[in-house]
Amino acid sequence: MKKALALLLALAMCLSLAACGSSTSSTEDTEDTSVAADTSAADASVDAADASAEAEEVESGLTSDVLPEDVVGNTYTYTEVVEAYGFSTDWELTFTSDTEGTLFEPNDMLGDNTYTTSWTYADGLYTVTLVESDTGEMTESTMFDETYTCDFVVMSDGTFAPANASTDTAVAAETANTGSENANYPAVSYASNSNAQVMDIYLPENATGSDPVIVVVHGGGFMFGDQMMDIIQPVIEAGVANGYVVASVDYRKSSEASFPAALSDVKAAVRYLRANAETYGIDADKVAIWGESAGAYLSLMTALTPEVEDLNGDVTDNLDQSSAVTALVDFYGPVEFYTMDAEYEALGIEGTTYSSEDSFESAFVGQAIGEDEETTYKTWWYTYVDQLPEDFTLSAWIQVGDSDTSVPYTQSQNFAEKLAEVLREDSVTFGIIEGAEHEDDLFYTDDNLAQVFAFLAEALN
């Protein structure tokens with residue numbers, strides 16, 4: 001599970017890249033089809049030939065202008081910018097001998113990887129194969145095929161790039177979130193602001209037509225991921241097996257819109273499920289929300305601000321429905337952004353930069369969280385505590401690992417203590433998993449999930 005986000009980052013980073021070794025054939029086929037549709041049969045053959053020649057010119061242009069005898073001892077860079085996810089990655093390819101080299105993959109969130117490589121050269125392309133990683137984890141980047149091999153062009157300006165980089169834009173445009181093939185209702189649109197506002201809905205194995213629902217919210221630093229992330233699959237599978245409708249929700253990332261957009265989306269997802277309870281066989285009075293990491297933050301904010309109109313943001317769908325939930329499950333979520341640096345310092349960890357403008361939390365807020373305390377605290381649940389309904393009730397399960405190096409575990413600890421002051425103390429279950437890191441497998445063991453589902457059964461019944 002710890003590598004789930006690394007996998008996500010790699011996949012997101014390469015959304016704009018076709019799989020290594022692919023060609024422009026799909027583009028050519030599309031061009032040929034459109035030509036055939038718009039012209040006579042005779043003209044079509046001529047135009048198709050022209051299109052094919054043009055494609056060959058483009059492809060023939062994707063060759064290196066540096067020969068093998070000139071690359072050894074040199075390092076070449078490739079900066080990939082993925083606008084949809086708001087980040088870039090600076091790859092470094094070094095040729096250390098006439099058959100070997102290294103490829104450096106920086107990862108600000110989970111640490112850097114350096115791969116040893118082997119390489120060959122033919123027809124202007126450098127075929128690079130990853131041999132091993134200094135961390136023991138091989139990249140999941142779709143630049144590489146199943147043998148961790150890709151063709152690159154190497155240029156005299158000190159750069160390199162995948163040989164099929166000219167098709168990046170077309171590939172990215174064709175990529176869409178179509179949902180999980182395992183869902184009963186994949187990629188259901190729950191709001192009308194963005195293509196990111198979709199959820200996959202899974203029905204329980206023995207659906208009754210009026211079953212409780214778990215709204216699952218994925219993490220990813222408010223910047224990455226979708227409703228199909230590997231890390232939440234155990235929750236989805238266990239939910240279905242335990243008789244729940246499960247709605248796995250995607251939402252707008254910070255590169256698309258800042259606070260409260262993602263929160264507004266999750267609230268809208270809950271409202272949508274209530275509005276369509278009969279369609280999906282949901283008991284609208286039994287709604288739980290379960291999030292991990294950034295998704296845990298969005299979940300707890302949804303649970304604790306059911307009547308705060310400002311946090312509906314620009315989403316107006318199904319406003320006649322409530323976004324209230326009965327139960328909350330929070331796995332290692334950030335809670336109070338403004339104090340994260342100070343909390344790590346109190347734990348003996350110095351030099352963290354959550355308050356800088358480059359942090360994931362700052363991107364989510366829309367400015368550096370250390371810049372303006374008042375603005376940052378608009379993202380804290382306790383700011384809105386006076387707007388809770390008089391009859392407000394909630395059962396909360398809050399769990400964190402004491403070896404978490406992504407979010408101070410005291411964020412969860414302080415949240416549990418403060419929430420217990422607002423609710424009845426027996427409404428809050430808090431636990432620390434000793435030795436567990438962020439996104440640790442220990443949260444998703446059969447035993448731990450069984451305990452969570454026992455909590456949900458009691459909370460919802």
Side-chain angles (χ1 to χ4, degrees), residues 191 193 215 217 219 222 249 251-252 254 257-274 287-291 293-330 333-340 343 354-355 361-367 369-398 407 410-425 427-428 430 459:
N193 305 73
V215 180
V217 190
F222 307 104
V249 178
Y251 48 84
R252 286 174 289 176
S254 56
S258 56
F259 181 85
L263 173 58
S264 303
D265 292 351
V266 177
K267 285 173 166 285
V270 176
R271 297 197 305 268
Y272 174 88
L273 291 168
R274 270 209 174 83
V287 181
I289 192 164
W290 185 330
S293 194
Y297 167 84
L298 297 173
S299 297
L300 71 89
M301 285 293 290
T302 297
L304 291 165
T305 62
E307 296 186 357
V308 182
E309 293 184 2
D310 288 347
L311 297 182
N312 291 329
D314 57 353
V315 187
T316 59
D317 302 79
N318 297 303
L319 285 177
D320 59 327
Q321 300 291 324
S322 171
S323 63
V325 301
T326 302
L328 162 70
V329 179
D330 167 359
V335 184
E336 189 176 358
F337 300 147
Y338 195 79
T339 63
M340 291 178 72
E343 288 182 45
Y354 296 98
S355 61
E361 291 76 16
S362 292
F364 173 70
V365 173
Q367 65 176 48
I369 61 177
E371 177 180 324
D372 180 354
E373 182 175 356
E374 181 179 355
T375 296
T376 300
Y377 270 100
K378 290 180 181 178
T379 66
W380 189 38
W381 72 276
Y382 198 74
T383 298
Y384 307 96
V385 70
D386 292 339
Q387 297 186 53
L388 287 172
E390 290 186 6
D391 59 348
F392 181 76
T393 60
L394 178 72
S395 295
W397 176 285
I398 303 166
V407 176
T410 50
Q411 288 268 300
S412 293
Q413 188 174 50
N414 296 339
F415 173 47
E417 292 175 357
K418 206 163 193 68
L419 185 59
E421 296 173 1
V422 175
L423 307 173
R424 298 191 321 272
E425 188 171 344
S427 296
V428 179
F430 173 68

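Worth knowing before you read on, the calculation uses all heavy atoms, side chains too, and leaves out hydrogens, waters and symmetry mates.
- When Tyr297, Trp381, Tyr377, Tyr382 are each tested for a side-chain hydrogen bond (donor to acceptor under 3.5 Å, both in side chains) with Glu336, only one passes: Tyr377.
- For the atom pair CD of Glu307 and CG of Leu388, the computed distance is 8.5 Å after rounding to the nearest 0.5 Å.
- Put simply, the side chain of Ser264 gets close to the backbone of Leu311: a donor and an acceptor are under 3.5 Å apart.
- Ala294 and Pro334 make their closest contact through N-CD, 4.1 Å (heavy atoms, listed as atom of the first residue, atom of the second, distance).
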When you look at Ile289 and Val266, which way does the side-chain contact (heavy atoms from CB on, under 4.5 Å) test go after all the steps? CA-CA 10 Å; Ile289 192 164; Val266 177; 3.7 Å; yes
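- Side chain of Asp265 to backbone of Arg252: a donor-acceptor contact under 3.5 angstrom is found.
- Heavy atoms only, all atoms of each residue included: Ala296 and Gly333 are closest at CB-CA, 3.6 Å.
- Scanning both residues, Ala262 and Phe364, for their nearest heavy atoms gives CB-CE1, 4.0 Å.
- Minimum interatomic distance between Thr326 and Ala459 (heavy atoms only, all atoms of both residues): CG2-O, 3.7 Å.
- Scanning all heavy atoms of the two residues, the minimum distance from Ala268 to Val315 falls at CB-CG1, 3.6 Å.
- Here the OG-CZ distance, from Ser362 to Phe222, works out to 11.0 Å after rounding to the nearest 0.5 Å.
- Going from atom CG of Leu394 over to atom CZ of Arg424 covers 10.5 Å, rounded to the nearest 0.5 Å.
- A donor-acceptor pair is defined here as one N or O able to donate and one able to accept, closer than 3.5 Å; no such pair exists between the side chain of Asp330 and the backbone of Leu300.
- Looking at heavy atoms from C-beta onward, Leu304 lies in side-chain contact with Leu419 at the 4.5 angstrom threshold.
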Could you give me the CA-CA distance, side-chain angles and deciding distance for Asn312 and Lys267, then say whether side-chain contact (heavy atoms from CB on, under 4.5 Å) is met? CA-CA 7 Å; Asn312 291 329; Lys267 285 173 166 285; 3.8 Å; yes
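- No donor-acceptor pair under 3.5 Å is formed between the side chain of Tyr354 and the backbone N or O of Gly370.
- No donor-acceptor pair under 3.5 Å is formed between the side chain of Ser323 and the backbone N or O of Arg271.
- Glu343 contributes atom CD, which lies 3.5 Å from atom OG1 of Thr410 (distance to the nearest 0.5 angstrom).
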Kindly determine whether Asn193 and Asp317 satisfy side-chain contact (heavy atoms from CB on, under 4.5 Å), including the steps that lead there. CA-CA 9 Å; Asn193 305 73; Asp317 302 79; 3.9 Å; yes
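- Residues Phe259 and Leu263 share a closest heavy-atom pair of CE1-CD2, 4.1 Å.
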With side-chain contact (heavy atoms from CB on, under 4.5 Å) as the test, would you mind laying out the steps for Phe392 and Leu423 before giving the verdict? CA-CA 8 Å; Phe392 181 76; Leu423 307 173; 3.7 Å; yes
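- Taking CD of Glu373 as the start and OG1 of Thr339 as the end, the distance is 10.0 Å to the nearest 0.5 Å.
- One finds the CZ atom of Phe337 at 5.0 Å from the OG1 atom of Thr379 (value rounded to the nearest 0.5 Å).
- The side chain to side chain contact (heavy atoms under 4.5 Å, CB included) test with Val335 is passed by exactly one of Lys418, Gln411, Met340, Met301: Gln411.
- Using a 4.5 Å heavy-atom threshold, the side chains of Val215 and Val325 count as separate.
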